[in-house]
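Encoded as structure tokens, the structure appears first; notes follow it.
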Amino acid sequence: MQKLFPNERLGRKISKWYLLHGRHDLPWRKSISPYRVWISEIMLQQTQVVTAIPFFKRFMRQYPTLKSILGASEDEVLALWSGLGYYRRARYIFQTKEIIKNLYKGKFPKDFDSILSLPGIGRSTAGAIASIAHNQPFPILDTNVKRVLQRLHALPDNINDKLMWELATHIQDRKDLFPYTQGIMDLGATVCLTKEPLCKRCPLKKDCKSAFQLNTQISPRKIIQKKKMALKFYLFFDNEQFLAQKNNELSIWSGLWLLPPEIPINFVNKYTVSKDFTVTHQLSHRTLEITFVVCKMKRLLRPKTNHEYKTVKINSYFDLGMPKPITQLIKNL
DNA sequence: GAGACGTGGTC
DNA sequence: TGACCAAGTCT
């Protein structure tokens, strides 16, 4: 008989609750494989379920299996990430599949430390893959789980992660890891809501130190002062195509295709400005003031420049990894 | 360990 | 409408 962790009894309540009330229709919860769990977990980092769903489906249509993605280029992976944000995640996926190809013979590793060592996979994501896909008792600790645990034990805000990881370990239902792991996330997402938790529906209401208490607010994230940043892009285009430039800087939208920020020397006097306007675009940590100069050319030239560029058919911009403001601009061309 | 890193939805 | 929120990881 396996020894129970202190709160495994509660974990059991969660896995049972999941079977009745969990979100069983999420696409990544069907045909479970390490590959599908991996991609979904990366997509779901700091990203809401409803946002991730269409991206996950599109990704799986393009690359249904781990094997099928092994030959992909970084550009192709970034194109599938276009519009999802935190593009570093897509580059980590590219790096990870390269490691899997070269170091693990094309098979997703099972060993926890090997999983954890992969780019873009931290302790929580590694725990999700290990527990969901490999049935190994490693906990997860995302904001959903943190919120449930914080309320369950009536912990003060800003409690340190070390304790939270211990609590997350001791509440796991190690007999039913799959429903437990999915369940604690669903519990946080659908019952133990940030603003007004639905304690009546909670399987832990008899155990929770905050159940039906008014003072269960989770303190807001630290507010950061957003810096403003001015950007300028030129959209050179003719009837068929436009000019894109690769962003190889280590900053926002790194690795994506943008537009040239200046006029190539050989373009002077070869275009007419049809529009010139500024939009603001919010990032999590920065406010961008983006000026677009839309420049019509009779025939798009090849630029004389040291930058990596590409001429792109206007109606196939979605084959490129590009950030939202730029795809928006092209779409409305 | 604080800050960087996207986007969409809500109120 | 601007502030805030939503399945983290890396440096």
Side-chain angles (χ1 to χ4, degrees), chain A residues 18 22-23 26-29 36-56 78 80-93 95-96 115-129 131-132 139-149 158 160-162 164-165 168 181-197 217-229 231 247 249-256 258 279-288 290 321-328:
Chain A
Y18 173 78
R23 296 175 291 181
L26 301 177
W28 43 85
R29 291 190 177 164
R36 288 169 62 87
V37 175
W38 166 47
I39 299 297
S40 66
E41 288 298 327
I42 300 292
M43 283 190 174
L44 288 162
Q45 289 170 1
Q46 301 288 283
T47 305
Q48 292 186 324
V49 164
V50 285
T51 307
I53 287 175
F55 286 89
F56 180 78
L78 276 167
L80 287 171
W81 217 264
S82 226
L84 188 57
Y86 287 133
Y87 298 97
R88 199 180 291 174
R89 296 181 292 176
R91 310 182 78 186
Y92 287 147
I93 284 179
Q95 292 170 22
T96 286
I115 298 173
L116 184 58
S117 74
L118 296 167
I121 299 181
R123 187 170 173 188
S124 191
T125 300
I129 297 171
S131 63
I132 296 170
I140 54 171
L141 189 58
D142 58 29
T143 52
N144 285 319
V145 178
K146 278 186 185 169
R147 190 167 57 252
V148 171
L149 294 176
N158 308 324
N160 67 53
D161 269 5
K162 189 176 182 302
M164 293 299 264
W165 276 111
T181 305
Q182 309 285 15
I184 187 136
M185 288 190 283
D186 283 5
L187 194 57
T190 67
V191 174
C192 199
L193 305 175
T194 309
K195 284 193 173 172
E196 291 190 51
Q217 296 333 328
I218 304 293
S219 67
R221 273 189 213 181
K222 205 169 24 181
I223 302 163
I224 52 156
Q225 190 63 39
K226 282 194 189 179
K227 286 181 212 148
K228 284 199 178 176
M229 187 176 168
L231 296 174
N247 177 23
E249 316 261 308
L250 287 166
S251 179
I252 56 167
W253 299 331
S254 181
L256 300 194
L258 309 176
V279 298
T280 60
H281 183 80
Q282 300 291 347
L283 304 184
S284 55
H285 60 303
R286 203 168 288 213
T287 299
L288 305 181
I290 310 175
M322 298 202 311
K324 205 71 186 181
I326 297 192
T327 52
Q328 210 73 286

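As the structure is a computational prediction, the values presented were derived from the model and not from experiment. Naming: A, B, ... by sequence-line order, numbering from 1 per chain.
A donor-acceptor contact under 3.5 Å is formed by the side chain of A/T47 with the base of B/dG6. For A/S284 against B/dG6, a side-chain N or O and a base N or O form a donor-acceptor pair under 3.5 Å. Checked by distance alone, A/Q46 brings a side-chain donor or acceptor within 3.5 Å of a matching partner on the base of C/dG8.
A straight line from OH of A/Y92 to C1' of B/dA4 spans 10 Å, rounded to a whole angstrom. Atom NZ in A/K324 sits roughly 9 Å away from atom P in B/dG9 (whole-Å rounding). Summarising the geometry, the separation between CD1 on A/I93 and P on B/dC5 is reported as 19 Å, rounded to the nearest angstrom. One atom, CH2 of A/W81, and another, C1' of C/dG8, lie 12 Å apart when rounded to the nearest Å. In this structure, A/L116 atom CG and C/dG8 atom P are separated by 16 Å, rounded to whole Å. Between A/I115 atom CD1 and C/dT9 atom C1' there is a gap of 16 Å when expressed in whole angstrom units. A straight line from CG of A/L84 to C1' of B/dG8 spans 11 Å, rounded to a whole angstrom. Atom CZ in A/R88 sits about 8 Å away from atom C1' in C/dT11, given to the nearest Å.
Closest approach to the A/K195 side chain among B/dT7, B/dC11, C/dT9 is made by B/dC11 (side chain taken as heavy atoms from C-beta onward). Of the candidate nucleotides C/dT9, C/dC10, B/dC5, B/dC5 has the atom nearest to the side chain of A/R286. With B/dG8, B/dA4, B/dG6 as the choices, the nucleotide that has an atom nearest any side-chain atom of A/H285 turns out to be B/dA4.
For the pair A/T125 (side chain) and A/G122 (backbone), a donor-acceptor distance under 3.5 Å is absent. A side-chain donor-acceptor contact under 3.5 Å links A/T47 to the backbone of A/Q45. For the pair A/K226 (side chain) and A/L283 (backbone), a donor-acceptor distance under 3.5 Å is present.
Comparing A/P119 and A/D186 by the nucleotide of DNA chain C whose heavy atom lies nearest to each, the residue mapping closer to the 5' end is A/D186.
Contact check, A/Y87 against B/dT7: a side-chain N or O comes under 4.0 Å of OP1 or OP2. Contact check, A/W253 against B/dA4: no side-chain N or O comes under 4.0 Å of OP1 or OP2. Between A/H281 and B/dG6, a side-chain N or O to OP1/OP2 separation shorter than 4.0 Å is absent. Side-chain N/O atoms of A/T143 include one lying less than 4.0 angstrom from OP1 or OP2 on C/dG8.
Nucleic acid contact class of A/Q45 (heavy atoms, under 4.0 Å, all strands): sugar-phosphate only. At the heavy-atom level, A/S254 lies nowhere under 4.0 Å from the strands shown. In this structure, A/K146 reaches neither bases nor backbone, as no heavy-atom distance under 4.0 Å exists between it and the strands shown. A/S40 comes within 4.0 angstrom of no nucleic acid atom, judged by non-hydrogen atoms across all strands. Using a 4.0 Å heavy-atom cutoff across all strands shown, A/L283 reaches at least one base atom of the nucleic acid. Across all strands shown, A/G83 has heavy atoms under 4.0 Å from sugar-phosphate atoms exclusively, and none from any base.
Distance check on atom P: C/dT9 versus B/dG8 gives 23 Å, rounded to whole Å.
Between A/R123 and A/D161 there is no salt bridge, since no side-chain nitrogen of the basic residue lies less than 4.0 Å from a carboxylate oxygen of the acidic one.
The line from CD1 of A/I53 to OG of A/S40 is 11.0 Å long, rounded to the nearest 0.5 Å.
Using bins of under 30°, 30° to 60° and over 60° for the plane-to-plane angle, the ring pair A/H281/A/W253 lands in the tilted bin.
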